[in-house]
Amino acid sequence: MRKSNSGFTRRYFLETGAAAAAASTLPFGAARAAAKYVRYPVNTSEGQKMLDSYREAIAVMRDLGPQNPHNWFRNAFVHTYDCPHHNWWFLVWHRGYMGWFERTVRRYSKNQSFAFPYWDWSVAPRVPAGMFDGVLTPTDGSFGKYTSDEKTFQNFIGPSLEAYWTKLTDVQSKLLRERDMATTKELWEQVEKRAMFAKTPFARYPSKDKPDLDDKTTDATSGSTVAAIMKAPDFETFNSGQTKDHGQVSTDIAALEGTPHDLTHNFCGGAGLVPLDQMGFMQDNLSPSDPLFFLHHANMDRLWHNWTQSQIAAGKPYKPKDIDKFMTEPFPFFVDENGKALVDAKASDYFDIGRFDYEYAEPKPVVVAARAPVPASLRGTVAGAMNKGVASLAVPPGALAKDRVLVVHVTIPNPPTLDSPREFLVLANAPAGTTTATPASPYYVGAVAFFGFMPGMAGATTFTVPIPADKASRLAPGPLQIQAVPVPPVAAAKAAPHAAGETMRATRPTGAAPGASALKGASLTVW
């Protein structure tokens, strides 16, 4: 069936007609006057025009002095030292970060209608056309005078960061201390330990002649996977876990973040696909150095907005339960289009897309059809009995009904070293000895990933894995035998040779496969 430009089928929209009528009174988008700015799909003519303006702005910002907060790399460092990942502020922080930077691009492109185009990977699971042209790729030679090697990069940007650190507010200093970045020395240690920096030729993994996502990332970003994620029943489920502040990492990662977001970042940065010294920017927190970052996150923001519309239309909760704690969280590192530091910003400023007066060009409103409440017999969590990395989960009667989403929660140890596996295949009912599968396999439930490597993380993390309808239909009746098998990184000695000036396209050695299940625990819920 042909898909709409939002990544969902036409039938999907027709089935949501009743909820769409209710959405005409929503405070989010539909009830507002038309927004001033429109974010288009990147693969449309309007989206490609926006890329032209984006390219012009990047060329200017790339060459601004490093003391200018609008310098291309200075802006990327805001993400490095302040972005939240794997916690409930992930989406709202990135909305604010993108919104202010969108205004900055508008200034330097001189296109007063500029809005970021979004990359809907559900429709086009490949790096968009145009993103390998000129400065829209970080492998462009013009970046070389700044990113030819790490010493050159530090000499260029380092003094401006030193000066910035001397002017930090108390709130900023507190947040940086909690991230082990109290000094710029500690900041650079983080950059080095996590292999955040990428030399110009390696700065992005996909290449113009091979732009497609791999099979597990294509599956993670597919329409069926996203449709299952979009049925999350409340804010706490749709978002990753609550933490003390946005500098902390939760032990619970939501499906939208831990599957399409993290896997796309890892693939575009080459995490696990190339040796550590040849990974691109997208695989860790200097990822905004790759212009692709903002197209990827525009789509993440679009999905959050669509989920919010859906919840309101269905009369379901769309705000966090602990709303005071959430909304008052300070985001003190943003910079506006005039270079002004926004030290008093907080989460509540960015909860609604109206803050930046944009909307998304797609069939609206995008809502999920109202469903009956989950019956009492399907409520709660079913924990699995563990045996050598395999969990046995009893599936309650009715859990596989068409109007339900079966959700598996898998607990996996955090990566102990930088070269440890970051991605895991989730398999159900695989025969004994099975250590790998492709998305076409009847045993393949999905994949989850850690974004970046965070030294010092201990214990384990629980990922949420909604099982899309197409995969749920393949499950046999009876208990589910769940595994989480690691996808091994490529070894440096086995990497393919690199051609000068090109991004390396290494492949895993013949016969390399995930090892035994790393699963430490599992449970099951129903949405």
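Under the 3.5 Å distance criterion, with hydrogens and angles disregarded, a donor-acceptor pair is assigned to the side chains of Asp301 and Tyr358. With 3.5 Å as the limit, one finds no donor-acceptor pair spanning the side chains of Thr264 and Thr217. Side-chain contact of Thr237 with Asp234: a donor-acceptor pair under 3.5 Å is present, judged by distance alone. A donor-acceptor contact under 3.5 angstrom links the side chains of Asn306 and Glu362, judged on distance only. Using modelled atom types and a 3.5 Å distance limit, the side chains of Ser441 and Thr438 yield no donor-acceptor pair.
The heavy-atom pair separating Phe326 from Val92 by the smallest distance is CZ-CG1, 3.6 Å. Nearest heavy-atom pair across Pro317 and Gln311 is O-NE2, 2.7 Å. Closest heavy-atom contact between Arg422 and Met279: NH2-CE, 3.8 Å. In plain terms, the two heavy atoms of Pro260 and His296 that are nearest each other are O-CE1, 4.0 Å. Heavy-atom minimum distance, Lys325 versus Thr328: O-OG1, 3.6 Å. The two residues Ala391 and Ala522 make their nearest non-hydrogen contact at CB-CB, 3.5 Å.
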- Trace of the side-chain contact (heavy atoms from CB on, under 4.5 Å) decision for Phe156 with Asn71: CA-CA 11 Å; Phe156 169 69; Asn71 172 271; 3.7 Å; yes

- Determine, step by step, whether Leu524 and Leu406 satisfy the side-chain contact (heavy atoms from CB on, under 4.5 Å) criterion, reporting the C-alpha distance in whole Å, the side-chain angles of both residues, the deciding distance to 0.1 Å, and the verdict. CA-CA 7 Å; Leu524 181 152; Leu406 189 65; 3.6 Å; yes

- For the pair Ile157 and Tyr146, evaluate side-chain contact (heavy atoms from CB on, under 4.5 Å) and give the outcome as yes or no after the intermediate values. CA-CA 9 Å; Ile157 205 77; Tyr146 309 116; over 6 Å; no

- Does the pair Phe143 and Ser289 meet the rule for a side-chain contact (heavy atoms from CB on, under 4.5 Å), with working shown? CA-CA 10 Å; Phe143 285 107; Ser289 300; over 6 Å; no

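For the pair Lys216 and Asp214, the salt-bridge criterion is met [side-chain N within less than 4.0 Å of a carboxylate O]. Checked for salt-bridge contact, Asp133 and Lys208 meet the test: a charged N lies under 4.0 Å from a carboxylate O. The pair Lys471-Asp219 meets the salt-bridge criterion, since a charged nitrogen lies less than 4.0 angstrom from a carboxylate oxygen.
Ring orientation note: the planes of His85 and Phe90 are tilted relative to one another, at an angle of 30° to 60°. The aromatic rings of His94 and Tyr97 stand perpendicular to each other, their planes meeting at an angle above 60°, with 30° marking the opposite boundary.
Residues satisfying the ring pair (Phe, Tyr, Trp, His ring centres under 6.0 Å) test with His409, not counting sequence neighbours, are none. Under the ring pair (Phe, Tyr, Trp, His ring centres under 6.0 Å) criterion, Phe73 pairs with Phe153, not counting sequence neighbours. Under the ring pair (Phe, Tyr, Trp, His ring centres under 6.0 Å) criterion, Phe333 pairs with Tyr81, not counting sequence neighbours.
Taking the ring centroids of Trp188 and Phe197, they lie at or beyond the 6.0 Å cut-off. Between Phe463 and Phe450, the distance separating the two ring centers is shorter than 6.0 angstrom. Not less than 6.0 angstrom separates the ring centroid of Trp119 from the ring centroid of Phe293. Side-chain rings of Trp304 and Phe351 approach one another, their centers coming within less than 6.0 Å. The aromatic ring centroids of His265 and His297 lie less than 6.0 Å from each other.
Open room surrounds NZ on Lys199; 12 or fewer heavy atoms of other groups in view lie less than 6.0 Å from it.
Between the side chain of Tyr40 and the main chain of Ala115, no donor-acceptor pair closer than 3.5 Å is present. A donor-acceptor distance shorter than 3.5 angstrom exists from the side chain of Trp307 to the backbone of Ala232, with no hydrogens or angles considered. Judged purely by atom type and a 3.5 angstrom limit, Glu423 has no side-chain atom pairing as donor or acceptor with the backbone of Val487. With hydrogens and angles ignored, the 3.5 Å screen pairs no side-chain donor or acceptor of Asp140 with any backbone N or O of Thr137. The backbone N or O of Ala254 sits nowhere less than 3.5 Å from a side-chain atom of Glu257 that would complete a donor-acceptor pair. Distance alone, capped at 3.5 Å, is enough to place a donor-acceptor pair between the Gln283 side chain and the Ala195 backbone. Listed for the Glu162 side chain is no donor-acceptor partner under 3.5 Å among the backbone atoms of Thr184. Distance alone, capped at 3.5 Å, places no donor-acceptor pair between the Thr461 side chain and the Ile412 backbone. Under the 3.5 Å distance criterion, the side-chain polar atoms of Glu329 are matched with a main-chain donor or acceptor of His246. Although no hydrogens or angles enter the test, the distance criterion places a donor-acceptor pair under 3.5 Å between the side chain of His70 and the main chain of Asp336.
Counting only heavy atoms from C-beta outward, the side chains of Leu303 and Val226 approach each other to under 4.5 Å. Side chains of Met282 and Tyr205 form no contact here, defined as non-hydrogen atoms less than 4.5 Å apart. Side-chain contact between Leu256 and His261: absent, with no pair of heavy atoms (C-beta onward) separated by less than 4.5 Å. Residues Trp165 and Leu187 form a side-chain contact, since some pair of their non-hydrogen atoms from C-beta on lies under 4.5 Å apart. By the 4.5 Å heavy-atom criterion applied to side chains, Gln242 and Ser250 are not counted as neighbours. Contact annotation: the side chain of Arg62 approaches that of Ser142 to within less than 4.5 Å [non-hydrogen atoms, C-beta and beyond]. Using a 4.5 Å heavy-atom threshold, the side chains of Pro291 and Val135 count as separate. Residues Val335 and Arg74 fail the side-chain proximity criterion, which asks for heavy atoms closer than 4.5 Å.
With rounding to the nearest 0.5 angstrom, the CG atom of Asp284 is 9.0 Å from the CD atom of Gln190. The line from CD1 of Ile467 to CG of Leu480 is 6.0 Å long, rounded to the nearest 0.5 Å. A distance of 7.0 Å separates OG1 of Thr411 from CG of Leu519, quoted to the nearest 0.5 Å. Atom-to-atom distance recorded for Leu51:CG and Asn43:CG is 10.5 Å, nearest 0.5 angstrom. The distance from atom CG of Leu276 to atom CZ of Arg194, rounded to the nearest 0.5 Å, is 13.5 Å. Distance CG/Leu136 to OH/Tyr54: 7.0 Å, rounded to 0.5 Å.
For the ring-ring contact (aromatic ring centres under 6.0 Å, His included) criterion with Trp72, the lone passing option out of Phe281, Phe77, Phe101 is Phe101.
For the pair Arg204 and Phe132, the distance from NZ or CZ to the six-membered ring centre is under 6.0 Å and the angle to the ring normal is within 45 degrees. A cation-pi geometry, defined here as NZ or CZ lying under 6.0 Å from the six-membered ring centre and within 45° of its normal, does not hold between Arg39 and Tyr118.
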